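When reading the values below, keep in mind they use all heavy atoms of this one structure, side chains included, and skip hydrogens, waters and symmetry mates. All figures in this text were calculated on a predicted structure; none of them were measured in a lab. Numbered from 1 within each chain, the chains take letters A, B, ... in sequence-line order.
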Amino acid sequence: MQIAQYKGPIVFSVLVHALVVILTLVSWPSMNKHEVVPPHMRATIVDASVFEKKPPKSAPAKPTPPPSPAKPPEPSAAEKAAEQKAKEVAQKKAEEARKRDEQAIALKKKKEEEEKKRKEEQKKAEDKRKADEKRLAEEKRKADEKRKADEKRLADEKRKADEKRKADERKLAEEKLRQEVERRRAERKQAEEQALANEANALEQQLLNQMNADATGAAQQREATLMEKHVDLIRRQLEESWIAPPGENRGMEVDLSLQLLPSGELMSARIARSSGNRAFDQSALNAANTVKKYAVPADSVVFNRHFRNFTIRFKPQ
Amino acid sequence: MNGFRSIVKVVIALVGIWMSARVHADLVIEITQGVRSAIPVAVVPFGNQVGTNLPEDIAQIISENLQRTGDLKPLTRENMLSLPTRGEDVFFRDWNVLGQRYLLVGSVNRDPGSTIYRVRYELFDVQSQKRLIGKEVAGTEGQLRDIAHSISDIVYEMLTGIPGVFATRIAYVTLEGTGTKVQYKLEVADADGRRSRLIFRSSQPIISPAWAPTATKLAYVSFESGRPAIYVQDVETGLRTKVASYPGINSAPNWSPDGTRLAMTLSKDGNPEIYVLDLKTTKLTRLTNHWAIDTEPSWSPDGQTIVFTSDRGGGPQIYRMSAGGGVPQRVTFEGKYNARARYSMDGKAIYFVHQLGSRFSLAKLDLENATTSILTETGMDESPSVAPNGAMVIYATQVRGKGILAVVGVNSGSKFSLPALSGDVREPAWSPYIKR
């Protein structure tokens, strides 16, 4: 029974999954057409511009121009002064010669030192230039690398974004499909549930009818017995309470409508059909009011059905 | 579509309501018998707002009246828990506790300087606590008893459906003295035996008083002339007429329902036979012709038939014949003595004297199913006379050798002796309703 009940949903579920696969295969390309949906592109462009602006910010400062080489000392002037001086002081040859020698040596020494210094400086400059060049090259290389890396990162990011977008779109499509499927499934489920509910209702009704029919047997039998018993009790109560008017009463008949509380107390008694004889009617009313507690059944269903309102008929025989 | 659907719904709902109503209407409990007992009713002493003592105890008169019927059972005063004189002062619980079904309260008042009494009274259903009657009647001091009888009538009819007869009268004959100083008196009193007044007095026997349907005249037999003669006398004016004084027996007068004729027993033609005398034309018609004694005729209420006593069957038995004569049919067969029949007010039964062994009792014969029931068994009961409401029969009986009047309730079988009237009382006749 239970399996049979789920047979429908299972079949439906299988069908839905199959439908999902088919839709995925058949409809996916067509879904790709929507790749260039402007909103997505725009989002991408915005992102890209952000990335393009970044590199200048993060790029290293432009390489400073290499420093100009130091000027060589002015030798000609110094030499000229020195020679003139030597000629003027010829008289003092020895002295001067010696001095000259000494000076020459000093000069030579100085010259050599200067040369050496110049050479050192030259070398230093060269070294510096070379170092600068090398640094520059290095920086350039680094910048290149960075640029390349940036470009690569950018490309990666773009690719990733593309992928993500594509994935998103696919996801969206999937989601849409899923939702559609879900919706269809829900609809189907609802329809099935409705059908099931209808069936259940029908079944319940049938059961109820059956029960009612059974009630004709057991419950109604019980109710009938209960009723008979209490009708008898109430009749006896009334017979004991009713002082029939003196004289001939045969043929007289009065109906009273009684309204009782579940406690058996009388709420109201009124003449529903008069006997035409006021005293006879009055005796009935008096009897009905004399019963202080009517022997009504405790069963509220039976009480409500039969004893809340009923008729008593005084009909002497 | 929606409209149709809602209509269908409404129809279904209505059918449901009808079904449930039908289900409720299904239960009818039939009560085919009740308690055959006197209805308990409390008659509380009426309040006196006059200031001076009243000459009559109205509640007492009412209470005794109701008691005498046997149909109601007034509560004795000693047992009352409270003495309300108007509805507002009634605690129904008190009376319910005492098992009372109905309650009568009232009061007597008199305006200053006036001689007119105003009697206000209320009747309550103790069980439902509803007021059934609320009235005021007025009268002079001398009418207080009449007022009490009138209230009794209304209460009795309210509770039994039978008109009260408390304002009617009874006629009867008393015998006083012994030997040669005997006095026969024809008297008329209230139905309760009070306020008796003399109609005719004689040293010779007076028998068989009979009321005219108008309740203003009495026919009776007087032996005043030494032999029986039938007289008709107006009870108010005293005017007296001799209507039958034939040779032999003139006895047992009985009025036709229309009051124009008298049936009677005459022996002028040999032996006692039943005759009818037209009072206007004085024409006499013989109804029976038999060698046996035919006497004590009684007209049926519809005037169509007459029952009488005849010993043509060997002993006295009751026969019935057409009011115009014809062949009598015997109606009593139980016992060897059945006599002095009187029709019930509905004409369906007769009351008569029935001998049971050595005793004479009152019996009732249902003419429809020929069943006889014994009403009294005191021994010397005679002269039944039916009250105009048919609910009571007055009769003469004897207590310790002295004649008294008693009343038996036809429905209840209860008996009640009228208060001791002076002398030996006999031959009662209950008057028809008095038309005022």
Side-chain angles (χ1 to χ4, degrees), chain A residues 227 230-250 252-259 266 268-270 272-273 275-292 294 302 304-317, chain B residues 19-41 69-73 92 96 99-102 123-130 132-133 155-163 344-346 348-349 366 368 389-392 409-414:
Chain A
M227 233 186 105
H230 286 277
V231 163
D232 222 53
L233 286 170
I234 289 171
R235 182 187 293 118
R236 217 175 306 159
Q237 284 182 310
L238 286 165
E239 279 176 355
E240 282 166 14
S241 297
W242 183 38
I243 303 176
E248 185 56 71
N249 293 324
R250 272 175 296 184
M252 287 190 191
E253 203 176 312
V254 63
D255 284 3
L256 301 190
S257 285
L258 299 193
Q259 245 190 309
L266 180 68
S268 80
R270 57 169 191 83
R273 196 167 53 88
S275 65
N277 181 310
R278 202 177 160 193
F280 189 78
D281 290 356
Q282 173 57 38
S283 76
L285 277 172
N286 188 261
N289 279 288
T290 299
V291 177
K292 290 304 167 212
Y294 281 79
V302 180
N304 283 322
R305 196 172 297 159
H306 305 289
F307 294 95
R308 188 174 281 282
N309 299 294
F310 62 95
T311 302
I312 53 175
R313 178 170 297 155
F314 293 79
K315 190 182 178 184
Q317 286 176 351
Chain B
M19 290 278 281
S20 63
R22 202 179 57 85
V23 164
H24 287 158
D26 272 346
L27 181 54
V28 175
I29 301 179
E30 274 197 12
I31 296 93
T32 56
Q33 57 181 352
V35 183
R36 278 288 179 172
S37 73
I39 304 164
V41 54
T69 65
D71 296 327
L72 283 84
K73 188 168 62 191
F92 288 101
N96 197 24
Q100 300 304 297
R101 295 296 181 93
Y102 298 97
L123 178 69
F124 289 94
D125 180 335
V126 171
Q127 306 303 321
S128 68
Q129 309 191 356
K130 279 179 184 140
L132 304 176
I133 299 171
V155 169
Y156 180 76
E157 183 164 8
M158 177 76 233
L159 301 184
T160 65
I162 303 166
S344 68
M345 285 300 149
D346 60 8
K348 292 176 180 171
D366 190 317
E368 288 180 335
N389 65 359
M392 288 182 279
V410 169
N411 308 305
S412 61
S414 76

Student: Quick one, B:Thr32 and A:Glu239 - any side-chain contact, counting heavy atoms below 4.5 Å?
Tutor: yes
Student: If you measure from CD on B:Gln127 to CG on A:Leu266, what distance do you get to the nearest 0.5 Å?
Tutor: 11.0 Å
Student: In terms of heavy-atom pairs under 4.5 Å with chain A, which of B:Ser37, B:Ser412, B:Ala38, B:Ala391 leads?
Tutor: B:Ser37
Student: Who passes side-chain contact (heavy atoms from CB on, under 4.5 Å) against A:Ser241, sequence neighbours left out?
Tutor: A:Ala287, A:Thr290, A:Val291, B:Arg101
Student: Flag the one option from B:Thr160, B:Asp71, B:Thr69, B:Asp346 with the top tally of heavy-atom pairs under 4.5 Å to chain A.
Tutor: B:Thr160
Student: Contact part of A:Gln282 toward chain B, heavy-atom cut-off under 4.5 Å: side chain, backbone, both or neither?
Tutor: both
Student: What part of B:Leu132 is in contact with chain A, defined as an atom under 4.5 angstrom from a non-hydrogen atom: side chain, backbone, both or neither?
Tutor: both
Student: Does any backbone or side-chain atom of A:Phe314 lie under 4.5 Å from a heavy atom of chain B? Answer side chain, backbone, both or neither.
Tutor: both
Student: Can you tell if the side chain of B:Lys130 reaches within under 4.5 Å of the side chain of A:Leu285, non-hydrogen atoms only?
Tutor: no
Student: CG/B:Leu27 to CZ/A:Arg308 distance, rounded to the nearest 0.5 angstrom?
Tutor: 14.0 Å
Student: Given that the side chain runs from C-beta out, which part of B:Ile39 has a heavy atom under 4.5 Å from chain A: side chain, backbone, both or neither?
Tutor: both
Student: Given a strict heavy-atom distance threshold of 4.5 Å, which part of B:Gln129 is in contact with chain A: side chain, backbone, both, or neither?
Tutor: neither
Student: Where is the tightest heavy-atom contact between A:Ala279 and B:Gly161, given as atom of each residue plus distance?
Tutor: CB-N, 2.9 Å
Student: Is the CZ atom of A:Arg313 crowded by more than 12 outside heavy atoms at less than 6.0 Å?
Tutor: yes
Student: How long is the gap from CD1 on B:Ile31 to CD on A:Gln237, to the nearest 0.5 Å?
Tutor: 10.5 Å
Student: Could you pull out all residues at least two apart from A:Ala288 that satisfy side-chain contact (heavy atoms from CB on, under 4.5 Å)?
Tutor: A:Leu256, A:Leu258, A:Ala269, A:Tyr294, A:Ile312
Student: CD of B:Gln33 to CD of A:Glu240: how many Å apart, nearest 0.5 Å?
Tutor: 10.0 Å
Student: With rounding to the nearest 0.5 Å, note down the distance linking CD1 in B:Ile29 to NE2 in A:His306.
Tutor: 11.5 Å
Student: Could you tell me the separation between the CG atom of A:Leu238 and the CD atom of B:Glu30, rounded to the nearest 0.5 Å?
Tutor: 12.5 Å
Student: Name the region of A:Asn286, side chain, backbone, both or neither, that has any atom closer than 4.5 Å to a heavy atom of chain B.
Tutor: both
